[in-house]
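Here's the structure we're looking at; comments come further down.
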Amino acid sequence: MSDSTIMINKIQTDLIKWFDNHGRSLPWRRTKDPYAIWLSEIILQQTRIDQGLKYWENFLREFPDVKSLSMAKESEILALWSGLGYYSRARNIYKAAHILVSKYESQFPKTSSELLKIPGIGPYTAAAISSICFGEVTPALDGNAFRVYSRLFAMSSPIEKRSTIKDIWTLALPLISNKSPGDSNQAIMDIGSTICKPKNPNCPECPLEENCISRRSGIQHEFPVKLKSIKIKEIEKFYVLLKRGEKYGLIRRPKSGIWGGLWTPLELIPEDWELAKTNKNIDESNIKYLKHLLSHRKMNLYFTYWIGDTFPENKEIQWFSEQDLKRLAFPAPIIKILSEKSYF
DNA sequence: AAGACGTGGAG
DNA sequence: TCTCCAAGTCT
């Protein structure tokens, strides 16, 4: 056995050992059911565990398997997803459930290359599911893993580049245990979230410390190398809540774009908002303001009631009673403003 | 391939 | 209050 093989074997066993002793205890780690794992992986995309946990429990309770999920209406899935964000994930699990039932006999494919064909499953999720559920030896590279590996290998090229990602994948592959690849991947992710954090990594606690190339030079904080900085644009949106008797008028947003498929009050373009003010259709002294941050945008949201019986011309408006609203999917800021400001 | 797509917690 | 960003994917 060569020296490098011995070292790689040691890293493998160190990782597994660390995972057994220090890995996080999470509910979806108590099962190997690919459906439950899949759901957790989709929910946790760009989402913190604290935030996603409740949703995972709700989904598993309402829809315990692929078949029950495939029988749900898209609106039901969206409503259950309401408040979690990145709603294409909800629309995609709806599509995915149908594909799994019709083309895969309700079974999850066992390889990452096959999983990749399913809507909402990208390179990370495919590798996570195949390694955890089916023992495929492949690195699952999420944000945590990229950070850990970029420090471990002191990757000087920017993390956004395709070649860098490919290099990390190749370097990471030998570190994945053939016996329990899922544990290897989850060990790396746990190290990334609890030790090898973006700021102030706790290197003395890390099982990889002695093998970490950037740590040897004390430059671990310089990785991962990133190209771009985020620039925030500001936009304004204007909403008027329509009320007719005991019913509220709402609009269903188009499937694509922000908050796709969700419900909001009527959204006015700035010109119509100004016009409505001129015509005294909105009460200027009673406009609620809410700031909402998106990944690359700052949204300034303005809300008010519509005054008068003549509503803006819009064929999309649908009317709901207060009871109906519970089954509808709303974006988080809409939920916030409607409940906190006690519109309903 | 660069930009769109949410949200709430941390510092 | 403000900035950053977390278990990514899609177009």
Side-chain angles (χ1 to χ4, degrees), chain A residues 23-24 26-29 36-56 78 81-93 95-96 112 115-129 131-132 139-149 158-165 182 185-194 196-200 224 226-235 237 253-262 264 290-301 329-337:
Chain A
R24 290 172 294 181
L26 301 168
W28 40 86
R29 288 184 176 169
I37 305 284
W38 167 64
L39 232 33
S40 78
E41 293 298 346
I42 303 293
I43 287 171
L44 265 28
Q45 285 169 6
Q46 301 286 281
T47 303
R48 287 191 166 75
I49 289 168
D50 295 344
Q51 196 190 355
L53 182 57
K54 288 283 184 300
Y55 286 83
W56 183 76
L78 238 19
W81 200 276
S82 182
L84 193 56
Y86 284 138
Y87 297 95
S88 64
R89 293 182 293 175
R91 298 192 298 273
N92 279 335
I93 63 168
K95 287 186 208 161
S112 52
L115 285 160
L116 221 33
K117 297 176 184 169
I118 293 166
I121 297 186
Y124 161 72
T125 306
I129 295 173
S131 67
I132 294 170
L141 302 178
D142 70 334
N144 282 320
F146 279 124
R147 187 172 56 256
V148 173
Y149 287 129
I159 200 77
E160 291 93 338
K161 290 184 68 178
R162 191 154 293 199
S163 59
T164 309
I165 293 171
N185 280 326
Q186 295 184 88
I188 293 290
M189 292 191 276
D190 279 14
I191 289 168
S193 74
T194 64
C196 197
K197 293 180 286 191
K199 286 170 187 168
N200 305 319
K226 283 184 187 172
L227 223 42
K228 59 184 176 189
S229 63
I230 299 165
K231 285 179 184 165
I232 306 284
K233 299 175 196 167
E234 281 196 44
I235 55 169
K237 282 179 177 287
R253 301 183 60 84
K255 289 269 199 271
S256 63
I258 190 164
W259 300 330
L262 275 64
T264 68
L290 184 71
K291 190 166 62 183
H292 187 65
L293 251 48
L294 277 58
S295 304
H296 294 75
R297 276 187 270 170
K298 183 155 76 180
M299 291 174 69
N300 298 301
L301 306 172
F330 294 106
I334 304 291
I335 296 173
K336 198 175 293 177
I337 200 111

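The chains referred to below are lettered A, B, ... by the order of the sequence lines, with proteins before strands, and numbering in each begins at 1.
- No contact: A:Ser40 has no heavy atom under 4.0 Å from any strand.
- With both ends at atom P, the span from C:dT11 to B:dG6 equals 13 Å, rounded to whole Å.
- In this structure the side chain of A:Met299 reaches within 4.5 angstrom of the side chain of A:Ile258, judged on heavy atoms.
- Residue contacts shown for A:Leu26 include a base, since a base heavy atom lies under 4.0 Å away.
- Nucleic acid contact for A:Gly83: sugar-phosphate only, since backbone atoms but no base atoms lie under 4.0 Å from a heavy atom of the residue.
- Considering only the side chain of A:Arg48, C:dC5 comes nearest among C:dT9, C:dC5, B:dG6.
- In this structure, the nucleotide among C:dA6, C:dT9, B:dT7 sitting nearest to the side chain of A:Gln46 is C:dA6.
- Straight-line distance from the CD1 atom of A:Ile49 to the P atom of C:dC5: 19 Å, rounded to whole Å.
- Atoms CG (A:Leu84) and P (C:dA6) sit 17 Å apart, rounded to a whole Å.
- Residue A:His292 places no side-chain N or O under 4.0 Å from the OP1 or OP2 atom of B:dG6.
- Taking the six-membered ring where tryptophan is involved, the planes of A:Trp28 and A:Trp56 are perpendicular, since the angle between them exceeds 60° and thus also 30°.
- Within the 4.0 angstrom heavy-atom criterion, only backbone atoms of the sugar-phosphate kind lie near A:Ile258; the bases stay farther away.
- Using a 4.0 Å heavy-atom cutoff across all strands shown, A:Trp56 reaches no nucleic acid atom at all.
- Whole-Å rounding puts the A:Phe146 CZ to C:dA6 P distance at 13 Å.
- Straight-line distance from the CZ atom of A:Phe330 to the P atom of B:dG6: 16 Å, rounded to whole Å.
- The separation between A:Lys336 atom NZ and B:dG9 atom C1' is 12 Å, rounded to whole Å.
- Of the residues near DNA chain B, A:Lys233 and A:Leu293, the one whose nearest nucleotide (by heavy atom distance) lies more toward the 5' end is A:Lys233.
- Across all strands shown, A:Ile42 has no heavy atoms under 4.0 Å from either base or sugar-phosphate atoms.
- Looking only at side-chain heavy atoms (C-beta outward), A:Ile43 and A:Leu84 come within less than 4.5 Å of each other.
- Distances shown here put a side-chain N or O of A:Trp259 below 4.0 Å from the OP1 or OP2 atom of B:dT7.
- In the interface, the side chain of A:Thr47 is not paired with the base of B:dG8 through any donor and acceptor atom under 3.5 Å apart.
- Counting only N and O atoms by type, the side chains of A:Tyr124 and A:Gln45 include no donor and acceptor under 3.5 Å apart.
- Taking side-chain N and O atoms only, A:Tyr87 has a distance below 4.0 Å to OP1 or OP2 of B:dT7.
- Among the atoms of the strands shown, none is found under 4.0 Å from any heavy atom of A:Arg91.
- Atom NZ of A:Lys298 is separated from atom P of C:dT1 by 12 Å (rounded to the nearest Å).
- We find that CZ of A:Arg89 is positioned 19 Å from P of B:dA4, with the value rounded to whole Å.
- For A:Thr125 and C:dG8, a side-chain-to-base donor-acceptor distance below 3.5 Å is absent, hydrogens and geometry of angles not being considered.
- The distance between atom CZ of A:Arg162 and atom P of C:dT9, rounded to the nearest whole Å, is 13 Å.
- For A:Lys291, a side-chain nitrogen or oxygen approaches OP1 or OP2 of C:dC2 to under 4.0 Å.
- If you check every strand for non-hydrogen atoms under 4.0 Å, A:Lys226 touches nothing.
- A:Gly52 comes within 4.0 angstrom of no nucleic acid atom, judged by non-hydrogen atoms across all strands.
- Put simply, the side chain of A:Ile121 reaches to within 4.5 Å of the side chain of A:Trp38, judged on heavy atoms.
- Checked against side chain to side chain contact (heavy atoms under 4.5 Å, CB included), A:Lys197 has no partners two or more places apart in sequence or in another chain.
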